Amino acid sequence: MSTSRVYALIDCNNFFVSCERVFRPDLWEKPVAVLSNNDGCIVARSNEVKALGIPMGAPYFQWKDQLTAANVTLFSGNFPLYGDISQRIVTLIRRAAPTVEVYSVDESFVELSDLRVASYEEWALSLRNQIWQYLGVPVSIGLAPTKTLAKAAAEYAKKHPDNPGVYSILGDDDGRIDLLKWLPIGDVWGFGWRSSAKLRELGVATAYDITTLPDTWVQKHFTIRGLRTKLELQGVPALTVEAEHEPQASIARTRSFAHRVRNYHELEAAIANFAAVAASKLRASGEVAGGVVTFIRTGKHTEQQRSVSAYTPFSEATEQTGEIIEAALRNLQQIYDPDFGYKRAGVVLTGLATTGAWQASLFARQQDNGRNHALMAAVDEINSKYGVRLIKHATEGLGKDWRSKREMRSPNYTGNWHELPKVKA
DNA sequence: TCTGGGGTCCTCGGGCGT
DNA sequence: TCTGACGCCCGAGGACCC
């Protein structure tokens, strides 16, 4: 096994729950769960809630009684707050190491190979203590020769509270094998529930079992991605730490509705709103879109299912709210069928390019563009200043009949002056 | 009544040109 | 002029991640 590379995965424990507890220390060691948008499913659980046997992603309405009986404190997801705390954690990690890949809101990979430290384990322990001391968020850290193994090591650290929150399999191949024999196939990063069900049928129960299968067989049944995972588990790096921020390929705004939406005008208002929000995200990232996808779906659990989408390319890439809404609504007209009640819809902007870098069409409306650009900038500035979208396109409507439920949201403690935590004298 | 949102990557298959 | 084989491109859809 090559040990020339060293990767760390820093993984926040029960992240959304930990964020809520930062401002509610009374909930430490008490059962806490966080709900998705629309209060639909459970997306984060404290260890106490996990111990009750309530699974990740469980529909809230199915577990409501049990949660109440167990006196679980519930929060509607407060995603701006979690994003803010996440950024503060990343700042601390970047101070400790130069090559960081922010993988998700609660996980970062770090390349440590070129970092000159006496002990990687000491480095990890010190970072863990710092994040706990400054921000009050507990993390688990895995150290290994590949990213997939670092993920597994962090998982091991998290599941064994008797160790100090850091688990390393560096420089010891027996450690790697023991870890793989411990890791169930369903917990391997890269094999989802569908693939692991297929593997279990074939008698593959642990991560170790995968490493005994021939490369060609793994690639044939689980594509090139399955093969990469297998190599990584064997200690052969097949993935790198992507410290450079790759430009996004798409920007989406999608939501579930609080009730089934059948009425065209209600759907139209929702789509126009999604398109406007997506357009403003697009401008915030300094990009233009080459096309727009609109999709609408019935509930996944109703008898009559329908899931349809339509795509409209722009003759010239744009960041203009008006043009994006117009194209998104043209898509909607193509796919709308009044015989169905829709539960979810969305707008996805694709073919993104940096502003100014795209090929202007022969018929570019240069004068219009200058004026509209200034108008869009002014709208964005006003909406950002007030923290809500005060200025809207007429099609979006004033009310939001389709709006999601969020009945248990905590205050945005760090992102809104009016919601700062208060300290009693 | 009530089952998330925002992404990436990969495969497949139809349309099209040669 | 028609037809089949082949490769390329691109959109749709699935699997996966947190």
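Keep in mind that what you see is a predicted model, and the values were worked out from it rather than measured. Letters go in sequence order (proteins before strands), and every chain restarts at 1.
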Salt bridge (Lys or Arg N to Asp or Glu O under 4.0 Å) between A:Glu155 and A:Lys151, intermediate numbers included: CA-CA 6 Å; A:Glu155 184 71 19; A:Lys151 259 305 254 189; over 6 Å; no
Protein N or O to nucleotides 14-18 of chain C N or O, pairs below 3.5 Å:
residue, atom, partner, partner atom, Å
C:dA15, OP1, A:Arg194, NE, 3.1
C:dA15, OP2, A:Arg194, NE, 3.3
C:dC16, OP1, A:Gly192, N, 3.3
C:dC16, OP1, A:Ser195, N, 2.9
C:dC16, OP1, A:Ser195, OG, 2.2
C:dC16, OP2, A:Arg194, N, 3.2
C:dC16, O5', A:Gly192, N, 3.4
C:dC17, OP1, A:Gly190, N, 2.8
C:dC17, OP1, A:Phe191, N, 3.2
C:dC17, OP1, A:Phe191, O, 3.3
C:dC17, O3', A:Trp189, NE1, 3.4
C:dC18, OP1, A:Lys151, NZ, 2.6
C:dC18, O3', A:Ser104, OG, 2.6
C:dC18, O3', A:Asp106, OD1, 2.5
C:dC18, O3', A:Glu107, OE2, 3.2

With side-chain contact (heavy atoms from CB on, under 4.5 Å) as the test, pick out the partner of A:Ser108 among A:Ile89, A:Leu9, A:Val102, A:Val241.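 Among A:Ile89, A:Leu9, A:Val102, A:Val241, the one that satisfies the side-chain contact (heavy atoms from CB on, under 4.5 Å) with A:Ser108 is A:Val102.
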Drop me the distance from A:Leu81's CG to A:Thr414's OG1, to the nearest 0.5 angstrom.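 If we round to the nearest 0.5 Å, A:Leu81:CG and A:Thr414:OG1 are 5.0 Å apart.
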Rounded to whole Å, please give me the gap between [atom1] in [X] and [atom2] in [N].
X        : N     : atom1 : atom2 : answer
A:Phe274 : B:dG5 : CZ    : C1'   : 11 Å
A:Arg255 : B:dG7 : CZ    : P     : 11 Å
A:Lys281 : B:dG5 : NZ    : P     : 12 Å
A:Glu287 : B:dG7 : CD    : P     : 11 Å
A:Arg297 : B:dT3 : CZ    : P     : 14 Å
A:Leu349 : B:dT8 : CG    : C1'   : 17 Å
A:Asp39  : B:dT3 : CG    : C1'   : 12 Å

Do the side-chain N and O atoms of [X] and [Y] include a donor-acceptor pair separated by under 3.5 angstrom?
X        : Y        : answer
A:Ser46  : A:Asn14  : no
A:Ser256 : A:Asn37  : no
A:Glu242 : A:Tyr103 : no

B:dC16 and C:dG4, which share atom name C1', separated by this distance in whole Å: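 Pairwise C1' distance, C:dG4 against B:dC16, rounds to 14 Å.
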Mind checking the P distance from B:dT3 to C:dC18? Whole angstroms is fine.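 Straight-line distance between the two P atoms is 24 Å.
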Which of these nucleotides, B:dG4, B:dC10, B:dG7, is closest to any side-chain atom of A:Ala252?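 Given the options B:dG4, B:dC10, B:dG7, the side chain of A:Ala252 is closest to B:dG7.
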Nucleotide nearest A:Ile224 when distance is taken to its side chain, options B:dG5, B:dT3, B:dC10: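 For the A:Ile224 side chain, the nearest candidate turns out to be B:dC10.
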Short side-chain N/O contact from [X] to OP1 or OP2 of [N], under 4.0 Å:
X        : N     : value
A:Thr254 : B:dG6 : yes
A:Arg344 : B:dT3 : no
A:Gln248 : B:dT8 : no
A:Ser250 : B:dT8 : yes
A:Ser256 : B:dG4 : yes

Pairwise N/O distances under 3.5 Å, protein to nucleotides 8-11 of chain C:
none

Select base, sugar-phosphate, or nothing to describe what A:Leu35 touches, counting heavy atoms under 4.0 Å on all strands.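 The residue A:Leu35 makes no contact with any strand.
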Over all strands shown, is A:Lys64 touching base, sugar-phosphate only, or nothing at heavy-atom distances under 4.0 angstrom?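 Counting heavy atoms under 4.0 Å across all strands, no contact is made by A:Lys64.
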Backbone of A:Tyr82 reached by a side-chain donor or acceptor of A:Ser86 within 3.5 Å: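 No; judged by distance alone, with no hydrogens or angles, the pair does not exist.
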Can you say whether the rings of A:Tyr413 and A:Phe23 are parallel (under 30°), tilted (30 to 60°) or perpendicular (over 60°)?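 Judged by the thresholds at 30° and 60°, the geometry between A:Tyr413 and A:Phe23 is parallel.
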Do the rings of A:Phe79 and A:Phe16 sit parallel, tilted or perpendicular, given the 30° and 60° boundaries?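 Rings of A:Phe79 and A:Phe16: perpendicular, over 60°.
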For the helix from B:dG5-C:dC18 to B:dT18-C:dA5, figure out the bend between the end axes, five pairs an end, and round to 10 degrees.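 The helix from B:dG5-C:dC18 to B:dT18-C:dA5 shows an end-to-end axis angle of 10°.
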A:Tyr342 pairs by side-chain hydrogen bond (donor to acceptor under 3.5 Å, both in side chains) with which of A:Arg260, A:Glu266, A:Arg306, A:Arg297?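 Answer to the side-chain hydrogen bond (donor to acceptor under 3.5 Å, both in side chains) test with A:Tyr342 among A:Arg260, A:Glu266, A:Arg306, A:Arg297: A:Arg306.
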Going by side-chain hydrogen bond (donor to acceptor under 3.5 Å, both in side chains), A:Thr148 matches just one of A:Arg228, A:Glu232, A:Lys230. Which one?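 The option that passes is A:Glu232.
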For the ring pair A:Trp189 and A:Phe109, is the centre-to-centre distance below 6.0 Å?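 Ring-ring flag for A:Trp189/A:Phe109: true, centres closer than 6.0 Å.
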